[in-house]
Number of protein chains: 2
Amino acid sequence: MPDRCVSKQTLQRLPAYLNYLRSPGGKTGKNVSATSIAEALGLNDVVVRKDLASVSSKGRPKVGYARAELIRELESFLGYDNSQDAILVGAGKLGQALLAYSGFPQYGLNILAGFDADPSLAGREVAGKKILPMDKLPDLCRRVGVHIGIITVPGGQAQAVCDQLIDSGVLAVWNFANAHLQVPRGILVQNENMAVSLALLSNHLRERFSTKGGA
Amino acid sequence: MPDRCVSKQTLQRLPAYLNYLRSPGGKTGKNVSATSIAEALGLNDVVVRKDLASVSSKGRPKVGYARAELIRELESFLGYDNSQDAILVGAGKLGQALLAYSGFPQYGLNILAGFDADPSLAGREVAGKKILPMDKLPDLCRRVGVHIGIITVPGGQAQAVCDQLIDSGVLAVWNFANAHLQVPRGILVQNENMAVSLALLSNHLRERFSTKGGA
DNA sequence: TAGATTGTTAATCGATTAACAATC
DNA sequence: TAGATTGTTAATCGATTAACAATC
């Protein structure tokens with residue numbers, strides 16, 4: 001069995017491999033080599049080979065990997081074939097967009113419901129998903145065994161919501177709020193931080209212009 | 001003047017420092033030390049000190065940094081005080097949510113308009129922002145000098161949209177589509193890839209349960 | 001002064017890359 | 001067989017951490 005413990009870097013590249021293998025744009029033979037994936041994605045081929053080795057052990061010299069099987073192995077490794085239940089807190093614009101996004105099941109995420117502190121939102125539905133009042137949260141989480149919580153509240157409320165989620169049994173938090181969340185050991189916070197992305201974009205533009213102007 | 005060329009890792013941490021300094025939760029003295037920031041965010045203090053040194057040179061032994069000035073320096077370094085124009089392509093659910101998001105100006109991003117290939121969307125407004133047909137894109141970008149393009153179309157269309165953006169003068173692409181984009185040298189693609197985040201969440205849960213079950 | 005804090009220089013760690021042996 | 005491709009072992013690179021000197 002391949003090693004289940006991979007580096008964060010590897011884990012971040014695996015979805016790109018899967019995406020490439022699924023895309024109709026790529027080469028369409030029965031087999032696919034790490035080398036060709038590397039070339040298509042602009043990566044070093046040894047990196048790809050090492051990454052694939054942690055997901056599959058079916059690579060054959062000269063032949064490569066069986067495309068269909070590698071896809072299945074990646075999907076399984078990434079948990080796409082084993083859906084996890086999640087709940088979302090904060091049914092504002094972003095929260096509703098996520099509730100309505102139909103692509104998550106494909107990635108093994110099943111959002112059961114949204115929660116919001118605003119009582120006027122309670123009872124509404126977004127894309128067939130109920131928005132419930134906050135006091136229903138602990139019960140639902142514990143009863144169903146929800147382990148993933150999605151935070152889409154304003155930054156100031158994020159920590160309180162996070163604490164509540166963890167109290168209710170959540171083990172992994174997907175945080176869209178611009179806040180640093182304090183959590184106990186063993187709980188994962190995955191920040192989807194737009195401010196970080198924007199900083200990288202802005203820095204790229206500044207560097208480009210300063211280079212052009214300077215040299 | 002502090003060094004303008006910082007590592008990607010540093011750049012990713014700077015917004016967290018700024019966020020912490022702005023937050024009312026933190027200590028509220030006139031001065032703030034790298035050590036205290038490090039402690040609050042769970043980072044090594046030398047990392048924070050090195051990061052801050054690339055943004056400011058006003059740190060004083062025993063005293064630390066003047067909070068207000070450090071905030072200004074971070075904002076300036078991150079480009080929050082120097083807004084960049086952007087356009088968005090793909091006015092579906094996610095696209096509309098981003099168009100409507102009122103927090104971007106705070107981060108120096110100003111979305112001028114949305115574009116969509118669907119003619120039935122053209123002419124609509126979302127939060128005061130026009131949705132325009134695709135054929136208006138090149139002209140607007142060039143006329144205004146837009147350098148940032150946001151892609152929120154389905155994966156299959158992302159590369160074509162990306163090419164069009166670059167043709168129209170865009171230098172940095174913020175890609176929300178699940179697709180690997182091929183771009184010429186000098187163009188930045190910043191992927192906001194939900195699949196990657198979900199992979200990290202899913203992996204955490206798997207590891208937690210396998211550890212619990214195994215040992 | 002004494003001690004907290006800064007900034008720097010050296011050591012450690014981990015990831016990437018390069019070189020190579022194994023194999024279909 | 002020959003050559004493409006895999007997987008592994010060693011070398012390189014960069015980031016983090018540790019140790020230390022400087023200073024208000």
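Convention: sequence-line order gives letters A, B, ...; per-chain numbering from 1. Owing to the predicted nature of the structure, the values given are computational and were not obtained by experimental measurement.
In this structure, NZ of K58(B) is placed 17 Å from C1' of dG7(C), rounded to the nearest angstrom. The interatomic distance linking L52(B) (CG) with dG7(C) (C1') rounds to 12 Å, in whole Å. In this entry the distance linking CG of D45(A) with P of dT8(D) reads 15 Å, nearest Å. Across the protein-nucleic acid pair, K62(B) atom NZ and dC24(D) atom P stand 13 Å apart, rounded to whole Å. At whole-Å resolution of the value, CD in E39(B) and C1' in dT5(C) are 14 Å apart. dT5(C) atom C1' lies 16 Å from atom CZ of R67(B), rounded to whole Å. To the nearest angstrom, P of dC13(D) lies 19 Å from CD of Q9(A). Look at OH on Y65(B): it is 19 Å from P on dA4(C), rounded to the nearest Å.
Nearer to the 5' terminus of DNA chain C, by closest-nucleotide assignment, is the contact made by V46(A) (compared with the other of P61(A) and V46(A)). Comparing K50(B) and K8(A) by the nucleotide of DNA chain C whose heavy atom lies nearest to each, the residue mapping closer to the 5' end is K50(B).
Under the 3.5 Å distance criterion, the side-chain polar atoms of Q96(A) are matched with a main-chain donor or acceptor of A91(A). R60(B) places no side-chain N or O within donor-acceptor distance of the main-chain N or O of A66(B), the cut-off being under 3.5 Å. The closest donor-acceptor contact from the side chain of S168(B) to the backbone of Q164(B) lies under 3.5 Å. Put simply, the side chain of T152(B) gets close to the backbone of V89(B): a donor and an acceptor are under 3.5 Å apart.
Looking at T10(B) and D51(B), their side chains do bring a donor and an acceptor atom within 3.5 Å of each other. Between the side chains of R22(B) and N19(B), no donor-acceptor pair of N or O atoms lies under 3.5 Å.
Listed nucleotides: dC24(D), dG3(D), dT5(D). Nearest to the side chain of T35(A): dT5(D). When distances run from any side-chain atom of N44(A) to the nucleotides dG7(D), dA15(C), dT17(C), the shortest one goes to dT17(C). Between dT5(C), dG7(C), dT16(D), one nucleotide has an atom nearer to the side chain of R49(B) than all others, and that is dG7(C).
One axis for each end of the helix from dG3(C)-dC24(D) to dC24(C)-dG3(D), each built from five base pairs, and the angle between them comes to 0° at 10° resolution.
Heavy atoms of R60(A) sit under 4.0 angstrom from primed sugar atoms or phosphate atoms, though from no base atom.
Between W174(B) and F104(B), the ring center distance clears the sub-6.0 Å criterion.
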